[in-house]
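These notes concern the structure reproduced below.
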Amino acid sequence: MGSKIKFQSPTGMHDILPELFPYYKKVEKVSEKIADFYDFRRVETPILENAEIFKKGTGFSSDIVLKQMYSLRTKGGDFLTLRPEGTPSIVRAYLENGFESLPKPINLWHFGPFFRYERPQAGRFRQFYQVGFESLGSSDPIVDIIIIQIFLNLLKEIGFKNLIIEINSIGDFQCRPHYKRALTSYFRSYLKDLCPDCRERFDRNPLRILDCKNEKCQEIIASAPQTLDFLCKECHDHFKKVLEFLDYLEIPYELNPHLVRGLDYYTKTVFEIFIKKQEKKSKERIEEDEQDEQVGALVGGGRYDSLVRVLGGKDTPACGGALGVERVIEILKKTSKIGKTETKAGEIFLAQIGESAKRESLKILEEFRKAKIKHVGQALSKDSLTAQFKIADKLNVKYVLILGQKELLNKEIILREMKTGKQKTIPLKKVVKEVIKVLKKEK
Ligand code: HAM
């Protein structure tokens with residue numbers, strides 16, 4: 001029995017091991033391509049932000065602010081929070097870096113880790129990556145569609161099919177108070193049947209009850225008033241146009257009249273993207289799909305026309321969304337072999353015998369690197385030639401260079417073709433040139 005591991009990564013946080021890295025790289029690369037196409041420029045904001053921007057931005061009544069923030073007091077007395085989401089940080093950066101005075105819209109995207117103190121479960125971690133796209137400065141409903149298109153295209157390019165958008169409008173600060181009043185009076189008659197969390201939500205913000213996943217609460221929510229019946233003319237017209245664009249582009253969507261999303265800054269359009277449930281499927285597919293569905297929304301987003309003002313800027317409409325990278329990878333892993341194909345076999349391996357040959361090998365490696373050879377396998381920490389050849393075999397290399405004491409004295413090196421076992425001796429100072437020549441011949 002091995003001894004018990006003394007330290008583990010914090011609950012809900014994971015090492016990204018080499019096998020998984022190509023998946024992250026893939027999501028990042030496809031995001032970059034999509035961003036370039038739609039003219040979004042990349043920004044990265046600090047992992048820590050002043051806690052106030054999330055309290056004011058994400059909102060005092062959101063679960064994120066109430067329960068999920070990792071916050072700390074610095075030695076200098078600042079109260080900082082590990083960013084639980086990206087939108088308030090982007091708005092802070094927009095205001096701080098003079099974007100307000102530039103022609104609109106300002107289109108920004110980001111890729112990085114976020115932190116929420118949540119109960120870890122399928123698709124829910126305490127550290128996770130998001131790709132976010134934010135467009136600031138336009139109230140046109142076409143921007144809502146571009147944001148949705150961006151995420152759909154991103155997922156499709158990564159390899160997803162069968163996607164469905166759930167969409168709703170939650171109105172604005174003109175019409176939402178009417179809706180809130182209707183919700184309050186509806187939930188009041190069910191107060192004793194709601195879960196303890198929802199009873200608290202009732203006092204703070206009855207809209208948050210609509211996010212509750214508790215089965216009993218869900219039954220009550222099913223007959224609750226719907227936002228769409230309370231929209232003012234402006235919000236109604238905006239939403240109508242968004243739906244018309246979706247129809248025109250033949251993008252599949254479902255109206256979810258109780259989708260409000262758990263963050264306080266949303267106005268008008270809110271949306272989430274899921275894997276669509278298949279109607280006819282085998283038992284295996286049912287199980288696989290159920291696992292995929294448990295992962296939850298792959299993307300969430302919406303319009304936030306008041307956030308810039310709330311964080312100290314001018315009235316600036318905006319719209320955006322974020323994709324959960326781990327959720328996407330969880331599903332991608334089952335269907336794609338990205339990890340395996342990316343560990344490409346090497347072409348060349350440098351083996352050495354003896355102290356001075358080992359030392360000289362360091363120089364030879366540098367020469368190859370300067371000549372822009374992508375990879376030269378080596379096991380410089382090993383002394384035995386057999387051990388080095390075992391590693392070369394594993395790497396499946398085509399050629400091995402062998403430098404021993406004798407070769408070093410003669411200023412030579414052996415080049416051995418692995419498949420045929422044929423070998424020749426070449427002058428040490430021409431080693432890079434010779435290797436490039438034989439590799440070129442192969443192509
Ligand atoms: P969100 O819905 O909280 O929105 O997160 C967006 C996506 O991040 C989710 O759909 C999910 O895929 C992923 N996600 C969220 N929490 C976790 C978690 N604990 N573990 C793993 N994945 C998670 C936002 O964050 C908004 N800032 C989106 C936005 C941008 N709205 C407008 N602009």
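Each ligand, and each atom within it, is numbered from 1 in the order the structure gives. The structure presented is a predicted model; accordingly, all values stated were derived computationally and were not measured.
Using a 4.0 Å heavy-atom cutoff, R124 is listed among the residues neighbouring ligand 1. Using a 4.0 Å heavy-atom cutoff, G132 is absent from the residues neighbouring ligand 1.
At the shortest separation from atom 4 (O) of ligand 1 among protein heavy atoms lies R261 NH2, 2.9 Å. The single protein non-hydrogen atom nearest to atom 14 (N) of ligand 1 is F128 CE1, 3.7 Å, given as residue, atom name and distance. Ranking protein heavy atoms by distance to atom 7 (C) of ligand 1, first place goes to A322 O, 3.6 Å. Nearest non-hydrogen protein atom to atom 10 (O) of ligand 1 is A297 O, 3.3 Å. Here the protein heavy atom with the shortest distance to atom 13 (C) of ligand 1 is G324 CA, 3.5 Å. Scanning all protein heavy atoms for the shortest distance to atom 27 (N) of ligand 1 gives E85 OE1, 2.5 Å. From the protein, the heavy atom lying nearest to atom 8 (O) of ligand 1 is Q130 NE2, 3.1 Å. Regarding atom 19 (N) of ligand 1, its nearest protein heavy-atom neighbour is E118 OE2, 2.7 Å.
Relative to atom 26 (C) of ligand 1, the option among Y117, F151, Y265 with the closest non-hydrogen atom is Y265. For atom 29 (C) of ligand 1, the candidate residues are Y304, Y266, Y129, F133; the nearest heavy-atom contact is made by Y266.
When each of K374, K440, K398 is paired with E347, the salt bridge (charged side-chain N to carboxylate O under 4.0 Å, His left out) condition holds for K398 and for no other. For the salt bridge (charged side-chain N to carboxylate O under 4.0 Å, His left out) criterion with K268, the lone passing option out of D305, D140, D144 is D305.
Side-chain atoms of Y304 and T87 form no donor-acceptor pair, as typed in the model, at a separation below 3.5 Å.
You'll find the ring centres of F40 and F133 inside the 6.0 Å limit.
Taking all atoms of both residues into account, the shortest heavy-atom contact from P88 to T58 is CG-OG1, 3.6 Å. Between S138 and V143 the shortest heavy-atom distance is OG-CG2, 3.5 Å.
Judged by distance alone, with hydrogens and angles left aside, the side-chain atoms of D78 form no donor-acceptor pair with the main-chain N or O of L80 at under 3.5 Å. Under the 3.5 Å distance criterion, the side-chain polar atoms of Y23 are left unmatched by any main-chain donor or acceptor of V325.
Neither the backbone nor the side chain of F271 has a heavy atom within less than 4.0 Å of ligand 1. Neither the backbone nor the side chain of F114 comes within 4.0 Å of ligand 1, counting heavy atoms alone. By the criterion of a heavy-atom distance under 4.0 Å, neither the backbone nor the side chain of E272 is placed next to ligand 1. Contact annotation: for I64 versus ligand 1, there are no heavy atoms closer than 4.0 Å.
The aromatic rings of Y94 and F99 sit parallel, their planes meeting at an angle under 30°, below the 60° perpendicular limit.
Atoms of ligand 1 found under 4.0 Å from any heavy atom of G300 (numbered from 1 in listed order, with element): 10 (O), 28 (C), 29 (C). Ligand 1 places these atoms under 4.0 Å from at least one heavy atom of G301: 31 (N). Listed by number with element, the atoms of ligand 1 under 4.0 angstrom from any heavy atom of V299 are 10 (O). Close contacts of ligand 1 with E134, meaning ligand atoms under 4.0 Å from a residue heavy atom, involve 30 (C), 32 (C), 33 (N). Against a heavy-atom cut-off of under 4.0 Å, L298 is close to the following atoms of ligand 1: 10 (O), 12 (O).
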Worked check of salt bridge (Lys or Arg N to Asp or Glu O under 4.0 Å) between K358 and D383: CA-CA 9 Å; K358 190 181 275 208; D383 297 325; 2.8 Å; yes

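Crowding of Y117 atom OH: a count of heavy atoms from other residues, nucleotides or ligands under 6.0 Å not exceeding 12.
Cation-pi geometry between R176 and F230 is not met: the NZ or CZ atom fails to fall both under 6.0 Å from the ring centre and inside 45° of the normal.
Ion pairing of R204 with D197 is absent here, as no side-chain N (NZ or NE/NH1/NH2) approaches a carboxylate O to less than 4.0 Å.
An N or O contact shorter than 3.5 Å links G321 to ligand 1 by distance.
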